[in-house]
Amino acid sequence: MRSHRRPLLFSELATAFARLEATPGRTASARLVADLLAGTARAEIPPVVYLLQGQLRPPYEGVELGIGERLLARVLAQAYRVPEAQVARRYRSAGDLGLVAERLAGERLRSRLTVAGAYRSLLEIPRASGAGSTTRKTNLLAALLGAATPVEARYLVRIVQGRLRLGVGDATIIDAAAAGALGDRGKRKLIEQAYNVRSDLGSVLQLAYARGASGLARIGPKVGIPVRPALAQRLRSAEDIIERLGTVQAEPKYDGFRLQFHRDGDRVWAFSRRLEDVSEMFPDLTAAVRRQLRARRAILEGEAVGYDPRTGRFLPFQLTMTRKRVYGVAEAASRHPLRLFAFDLLYADGDDYLHRPQEERRRRLVALVRGSADDPVVVTEAIRTSRADELQEYFETMLGQGLEGIVAKRPDAPYRAGARGYDWVKLKRAYQSRISDTVDVVLVGYLAGRGARAELGIGSLLGAVYDPEGQRFRTVAKIGSGPSERQWKELRAMLNRSAVRSRPASVDSLIVPDVWVEPRLVVEVLADEITRSPRHTCGKRGKEPGYALRFPRMLDGVRVDRTPETATTEREVLDLYRLQSGESRAKSPRFTTKNPLAASAPRDPTR
DNA sequence: GTTATACGCTATC
DNA sequence: GTCTGACGGATTCGG
DNA sequence: CCGAATCCGTCAGACGATAGCGTATAAC
């Protein structure tokens, strides 16, 4: 370990990364991270931490590189003067562009790169915009790679991809810093707490190393800075939930997107689940928060769902998502207004509610949100129960209304920012596979995997359904989760036996897998829903979109009892789609008022 | 030189 | 979003 | 009563479909 803190060389960082990559076990990794941070000058802690996280800046700043795997492949070709096809070929077999770069990088033994210098260069990339910016970005990165040693190149590339693959995540970094900066791993909570309310690990760790525990102690939520959202665990039945939580507060689970609102007087922010600042995208909701919230300064959270102003029915997720946009915001807002189902209060007028019990936060939220059924912000309904049958009934009622399911919460639990714990538990239809959409899919090909999957030689399956009339197989999903490692290997072996050089004539597909396969193997796939699809050919007629599975995962075992012709048919998928959209989709609250005419004249929420 | 389409990236779930 | 697999702390088991 | 075995929650990293945006490229 270095005892003096001169500027870190990038090679030192790369060496540390390489050690981490080779080290299994979080404890050992945390020790290495602690060593790295101990040898880092205070001023350089933020960049080192961001790089370790595979980022450049904290998420709410919205700094995007705009370079993904395709451009990166082009950069490698440029930097190492090899044909792009060669990079692509190597990528397919190695499953990691970092490794490809390392192997192409030759034998440069030393570089003059410093961490600060490399970091500065990387920050140049997102600044490029407008015509010619792609070339400028690739030039910048190619130049950086040109100055790097092979190992440095490996990690530069992975940093750009945001996939370090070191086996180190936030939790490990926090462990390391607790031991290193506070001298006690047990003080991890202090760092965690600060990180969860400020969402900027670089700055928090800088503070931890500079000021120690006392510097972190007073850090609470701050209006205008997003709090890392609490997440729910999954359980498969109402009984399981009651068994684990005892008494619960249960709420409907809406199929929209999560928003965290912050208010400071007239100023209102909105943050997405991944902490992006989306304030400008929802003027209707920010205005409503300003109008309806009886607190000058506050942080609250909810789920935003679109509805049809003519019928009051909720929109499918696909349509709700179109509200997350930069242009045509007012137009979209009047066509598809949003309702915000507020479900939590994190802060209000000087009071930090994070550590208060769920029940109290909810009570306070109800008290602070005013408004009629006409207003966009509505506090979610909730029941309280300790009986499994009651919870099950509530769940079924919600499904009957076309909702996604329920979220059950421990009434005495604090807001566990940044954690996915059992204080909140979600229950969805698909978790009970006997009432879910299960599809027997014919495999028509597979794709090479990346990272760990590359070693298995298979990353995902291309699945199709059968059209008996046309005697063709049309794709409906790629399946990338479900099988165990062993099953992946078995699948690959089986599929290789029926591999063919090119797309079989009976297969109708826009997606080109790495390996085509004669349609023989049938596999059971569970999905939450059917969506309209521009990519899959199932049900596709001309320019109209087809249909696909939402959240597909393979259930175990190949269906040996099924032949391709007895797999699920295209027709059946269409029927499933009609069934789900014909299902009574819940209506947004105001439309439950007695006067149906109220629904026919929505007021323009953008005004 | 202008407009339409294609592609890649990043975000949501 | 779903899912698997590894890890590490807590709990239970067996001698 | 202690060491070994087992359990269970957390963490990390694979993978899914889709929409909008910015830029590049093709078409006119």
Side-chain angles (χ1 to χ4, degrees), chain A residues 24-30 54 59 62 64-74 95 128-137 161-172 174-175 231 233-234 254-259 272-276 278 281 303-304 316-328 332 404 419-422 426 428 430-431 447 449-456 458-463 476-488 511 525-536 545-556:
Chain A
R26 286 195 289 280
T27 318
S29 293
E64 284 167 28
L65 281 165
I67 298 182
E69 60 178 8
R70 307 305 282 269
L71 280 177
L72 213 28
R74 201 191 292 175
S129 73
S133 62
T134 301
T135 311
R136 169 144 177 78
K137 281 171 193 276
Q161 279 199 305
R163 302 162 161 237
L164 271 308
R165 307 186 52 234
L166 305 181
V168 172
D170 291 351
T172 307
I174 289 171
D175 257 5
L231 303 171
Q233 264 294 1
R234 267 174 320 185
Y254 297 97
D255 192 10
F257 51 85
R258 189 145 174 194
L259 288 178
S272 70
R273 162 145 175 218
R274 298 224 174 128
L275 311 179
E276 192 193 347
V278 292
M281 298 184 185
E303 185 86 359
F317 176 75
Q318 259 178 312
L319 263 183
T320 292
M321 259 322 279
T322 64
R323 281 297 315 271
K324 186 178 182 292
R325 64 190 307 121
V326 171
Y327 303 102
E404 224 189 350
R420 185 189 292 282
Y422 284 96
K426 57 184 165 181
K428 300 211 303 190
Y431 302 161
L447 291 91
R450 293 186 274 262
R453 288 278 172 89
E455 281 146 45
L456 297 174
I458 183 169
S460 63
L461 309 164
L462 183 58
V476 71
K478 284 195 292 171
I479 303 102
S481 66
S484 63
E485 282 189 12
R486 217 177 110 183
Q487 287 175 315
W488 277 119
I511 296 166
V525 174
L526 176 66
D528 276 26
E529 251 194 333
I530 315 290
T531 61
R532 296 312 303 270
S533 168
R535 292 185 70 213
H536 287 284
Y547 298 81
L549 308 182
R550 176 145 87 138
F551 310 143
R553 58 269 205 192
M554 196 183 105
L555 300 178
D556 34 27

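Letters A, B, ... are given to chains in the order of the sequence lines, protein chains preceding strands, and every chain is numbered from 1.
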- prompt: Checking all strands, does A:Val278 fall into the base, sugar-phosphate, or nothing category for heavy-atom contacts under 4.0 angstrom?
  reply: nothing
field: Selected nucleotide, minimal atom distance to A:Phe257 side chain, candidates B:dA11, C:dC3, B:dT12
entry: B:dT12
- prompt: Salt bridge between A:Lys428 and A:Asp528, side-chain N to carboxylate O under 4.0 Å?
  reply: yes
- prompt: So what does A:Ala419 touch, heavy atoms closer than 4.0 Å: a base, only the sugar-phosphate, or nothing?
  reply: nothing
- prompt: Are the side chains of A:Glu276 and A:Met281 in touch, meaning some heavy atoms are under 4.5 Å apart?
  reply: yes
Among B:dC13, D:dT10, D:dC15, the nucleotide that comes nearest once only the side chain of A:Gln233 is considered: D:dT10
Side chain of A:Pro534 - closest among D:dG9, D:dC15, D:dA19: D:dA19
query: Within the structure shown, what part of the strands sits under 4.0 Å from A:Arg70 by heavy-atom distance: base, sugar-phosphate, or nothing?
result: sugar-phosphate
task: Please answer whether the main-chain N or O of A:Ser272 pairs with a side-chain N or O of A:Arg258 as donor and acceptor at a distance below 3.5 Å.
output: no
message: Between A:Arg274 and B:dT12, is there a contact of a side-chain N or O with OP1 or OP2 at under 4.0 Å?
response: yes
message: Under 4.0 Å, counting only non-hydrogen atoms across every strand here, what does A:Ser272 touch: a base, just sugar-phosphate, or nothing?
response: sugar-phosphate
- request: Please check the phosphate of C:dT4 (OP1 and OP2 only) for any side-chain N or O of A:Ser481 closer than 4.0 Å.
  value: no
- request: Ignoring backbone atoms, establish whether A:Arg273 has a side-chain N or O less than 4.0 Å from OP1 or OP2 of C:dG1.
  value: yes
message: On the nucleotide D:dG20, are OP1 or OP2 found under 4.0 Å from the side-chain N or O atoms that A:Arg325 carries?
response: yes
message: If the cut-off is 4.0 Å, is A:Thr172 near the phosphate of D:dA12, judged by side-chain N/O to OP1 or OP2?
response: yes
query: OP1, OP2 of D:dA19 versus side-chain N and O of A:Arg532: anything below 4.0 Å?
result: no
message: Are more than 12 heavy atoms, taken from residues, nucleotides or ligands other than A:Arg136, located less than 6.0 Å from that residue's CZ atom?
response: no
query: Side-chain N or O of A:Ser484 less than 4.0 angstrom from OP1 or OP2 on C:dC3?
result: no
query: Checking all strands, does A:Lys426 fall into the base, sugar-phosphate, or nothing category for heavy-atom contacts under 4.0 angstrom?
result: sugar-phosphate
query: Closer than 4.0 Å, any side-chain N/O of A:Arg165 to the OP1 or OP2 of D:dA14?
result: yes
message: Can you tell me which nucleotide in D:dT10, D:dG22, C:dT2 comes closest to the side chain of A:Tyr327?
response: D:dG22
query: Do any side-chain nitrogens or oxygens of A:Arg535 fall under 4.0 Å of OP1 or OP2 in D:dA17?
result: yes
query: Within this structure, what is the CD1-to-P distance between A:Ile479 and C:dG1, rounded to whole angstrom?
result: 21 Å
task: Check whether any side-chain nitrogen or oxygen of A:Thr531 sits under 4.0 Å from OP1 or OP2 of D:dA17, and answer yes or no.
output: no
- prompt: Between A:Gln318 and A:Arg532, is there a donor-acceptor pair closer than 3.5 Å when you use the side chain of the first and the backbone of the second?
  reply: yes
- request: Without swapping roles, check the side chain of A:Arg325 against the backbone of A:Ala332 for a donor-acceptor pair under 3.5 Å.
  value: no
- request: Calculate the interatomic distance between A:Ile67 atom CD1 and B:dC7 atom P; express it in whole Å.
  value: 20 Å
query: Taking the side chain as C-beta and beyond, is there a heavy-atom pair between A:Met321 and A:Phe257 under 4.5 Å?
result: yes
query: Out of D:dT23, D:dA17, D:dG20, which has the shortest distance to the side chain of A:Thr134?
result: D:dT23
query: When you measure from the side chain of A:Thr27, which nucleotide among D:dG9, C:dG8, D:dA14 comes out closest?
result: C:dG8
query: OP1, OP2 of B:dT12 versus side-chain N and O of A:Lys324: anything below 4.0 Å?
result: no
message: Whole angstroms only, please: what is the CD-C1' distance between A:Glu404 and B:dT12?
response: 12 Å
message: Using OP1 and OP2 only, check whether a side-chain N or O of A:Gln318 sits under 4.0 Å from D:dA17.
response: no
- request: For A:Phe551, report the nucleic acid contact type (base, sugar-phosphate, nothing); a contact means any heavy atom under 4.0 Å.
  value: base
task: Could you tell me whether A:Asp528 contacts a base, only the sugar-phosphate backbone, or nothing, with contacts defined as non-hydrogen atoms closer than 4.0 Å?
output: nothing
message: Given D:dT18, B:dC13, D:dT23, identify the nucleotide with an atom nearest to the side chain of A:His536.
response: D:dT18
- prompt: Taking only side-chain nitrogens and oxygens of A:Arg450, does any of them come within less than 4.0 Å of OP1 or OP2 of D:dC15?
  reply: yes
message: Counting only side-chain nitrogens and oxygens, does A:Lys428 get under 4.0 Å of the OP1 or OP2 atom of C:dT2?
response: yes
task: Side chain of A:Glu276 only, please: which of B:dA11, D:dA24, C:dA6 is the nearest?
output: B:dA11
- line: note: A:Leu461, atom CG; D:dG16, atom C1'; distance rounded to Å ~ 11 Å
